[in-house]
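Written below as structure tokens is the structure these notes are about.
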Amino acid sequence: MNEPRPALDNLTLARKEGWRKFVNTPDRVPPEQLNRNQLEALSDNARSAYDRERRDWHANLGTLRTRQLADVHEDLWDIIDSNAQDCDKPKGAVAIDAVPGLGKTTAMLAFAKAFHRREIAERGEQTQDGNERWPVCRVGLTGNTGLRDFNRAMLSFYAHPGQTRGSAADFAQRALNSVLKCETKILIVDDLHFLRLRSTSGVEVSNHFKYIANEFPVTMIFAGVDLKDRGMFSEGDAYQGALLAQTGRRTTRLTMDPFDLTGDSGRQDWSRTLKRIEQKVVLADKYPGMIAGDLSDYLYIRSTGQIGSLMTLIRVGCQRAIRTCHERLDAGLLDTIKIDEAAEAARKELKAAFESGRITTRMDAAG
């Protein structure tokens with residue numbers, strides 16, 4: 001059986017020690033694929049251990065390299081590496097802007113992990129001055145984050161002793177010193193949609209982003225929901241609008257979209273994704289084409305082509321298949337699974353479109 005793994009969550013990623021665990025913890029090893037006869041031949045204790053291992057595996061199927069994720073990563077590598085110019089030039093920022101369930105945070109964290117590993121491999125775990133090297137700093141926002149809170153969150157990531165007392169300016173200077181000493185290159189700001197961009201505190205933090213771009217040798221990567229509609233890239237004559245427009249002018253907006261079945265390339269993307277999922281699933285009665293073939297249309301209807309809803313359905317379905325000894329995924333079992341309300345609400349209309357032949361995931365049936 002596989003060795004126990006450290007617990008990881010969003011709070012963990014707000015501290016450098018937790019970030020190190022996230023970066024350095026090796027990928028999970030999948031459980032052995034047993035057929036039905038082998039499964040039923042296990043002793044009670046062995047079966048219990050095997051099912052526990054599979055439960056953990058299916059709950060953490062890992063990051064799928066979808067076409068959307070690959071596109072975002074290509075853009076991020078271009079921007080990050082081109083931002084390695086001298087320190088007298090402000091760094092352009094990046095905003096991954098998409099509706100919930102499309103994998104923007106997953107894509108951002110997967111990229112940051114790869115970048116961290118590359119920096120450590122090329123430059124070592126310590127700087128020339130003997131400080132710990134932290135290529136990435138991550139800050140998660142809440143609904144009431146102000147300037148002082150933001151800078152304190154940066155200090156908290158570095159475990160800075162001066163994170164409890166001081167003014168916003170004190171915290172900002174200490175954060176800058178930490179970035180310089182640890183040679184941080186990327187500052188992740190997650191859940192940017194929690195920031196009230198047009199409120200006084202929101203504009204204050206947004207203006208602080210401009211200060212960071214000017215003074216800190218880092219590239220900021222934002223992730224949030226509907227940032228464009230919330231005013232992240234706003235133009236305007238008013239003071240607040242002008243400040244937001246400055247941030248927008250220096251920020252490259254990247255988007256992620258659902259799988260699109262209007263062309264062959266979109267159907268191919270969907271098929272490749274389902275094949276990758278099928279390879280990962282460990283059920284005794286799994287067979288070639290169980291997911292990528294027989295369930296292709298069904299899974300698109302249930303998930304509306306959104307990776308978040310799709311993976312929730314697969315994860316929960318696998319748990320139920322194991323617990324009920326069903327040991328496969330099919331429409332009958334998945335019909336008993338409830339997922340997010342947005343996907344469920346769109347299901348009926350999308351199903352009608354498939355039944356009429358207006359939409360299909362299958363290449364051979366496409367018009």
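Everything numeric in this text was worked out from a predicted model, so none of it was measured.
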Rounded to the nearest 0.5 Å, the OG1 atom of Thr219 sits from the CD1 atom of Ile79 at a distance of 8.5 Å

I need the Met290 CE to Leu283 CG distance, nearest 0.5 Å. 5.5 Å

Can you say whether the rings of [X] and [Y] are parallel (under 30°), tilted (30 to 60°) or perpendicular (over 60°)?
X	Y	answer
Trp19	Phe22	tilted
Trp270	Tyr300	perpendicular
Phe222	Phe209	tilted

Check whether any side-chain heavy atom of [X] lies under 4.5 Å from a side-chain heavy atom of [Y], and answer yes or no.
X	Y	answer
Val179	Tyr158	yes
Thr361	Phe259	no
Arg15	Ser156	yes
Val94	Ile80	no
Val316	Ile339	no
Val139	Phe150	yes
Phe216	Leu187	no

Expected output: side-chain [X] to main-chain [Y] donor-acceptor under 3.5 Å:
X	Y	value
Ser48	Asp44	no
Asn83	Gly92	yes
Asn60	Asp56	yes
Trp57	Lys280	yes
Ser296	Gly293	no
Gln319	His58	no
Thr273	Asp269	yes
Arg267	Leu261	yes
Ser303	Gly305	yes

Quick check on [X]: does its [atom1] atom have over 12 non-hydrogen neighbours (other residues, nucleotides or ligands) under 6.0 Å away?
X	atom1	answer
Asn45	CG	no
Glu349	CD	no
Gln128	CD	no

Looking only at heavy atoms, which two atoms of His160 and Gly162 are closest? And how far apart?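 So the minimum-distance heavy-atom pair works out to ND1-N, 2.8 Å.
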
Write down the atom of Glu32, the atom of Val282, and the distance for their closest heavy-atom approach. O-CG1, 3.7 Å

So that I can tick it off, tell me whether Arg47 and Asp51 are bridged by a salt bridge, with the cut-off set at under 4.0 angstrom between side-chain N and carboxylate O. yes

Pairing of Arg67 and Asp257 as salt bridge, 4.0 angstrom limit: yes

Taking it one step at a time, do Arg133 and Glu122 satisfy salt bridge (Lys or Arg N to Asp or Glu O under 4.0 Å)? CA-CA 12 Å; Arg133 185 185 305 281; Glu122 292 180 353; over 6 Å; no

So Glu132 and Lys16, salt bridge (Lys or Arg N to Asp or Glu O under 4.0 Å) or not? Walk me through it. CA-CA 10 Å; Glu132 293 179 342; Lys16 60 187 179 71; 3.2 Å; yes

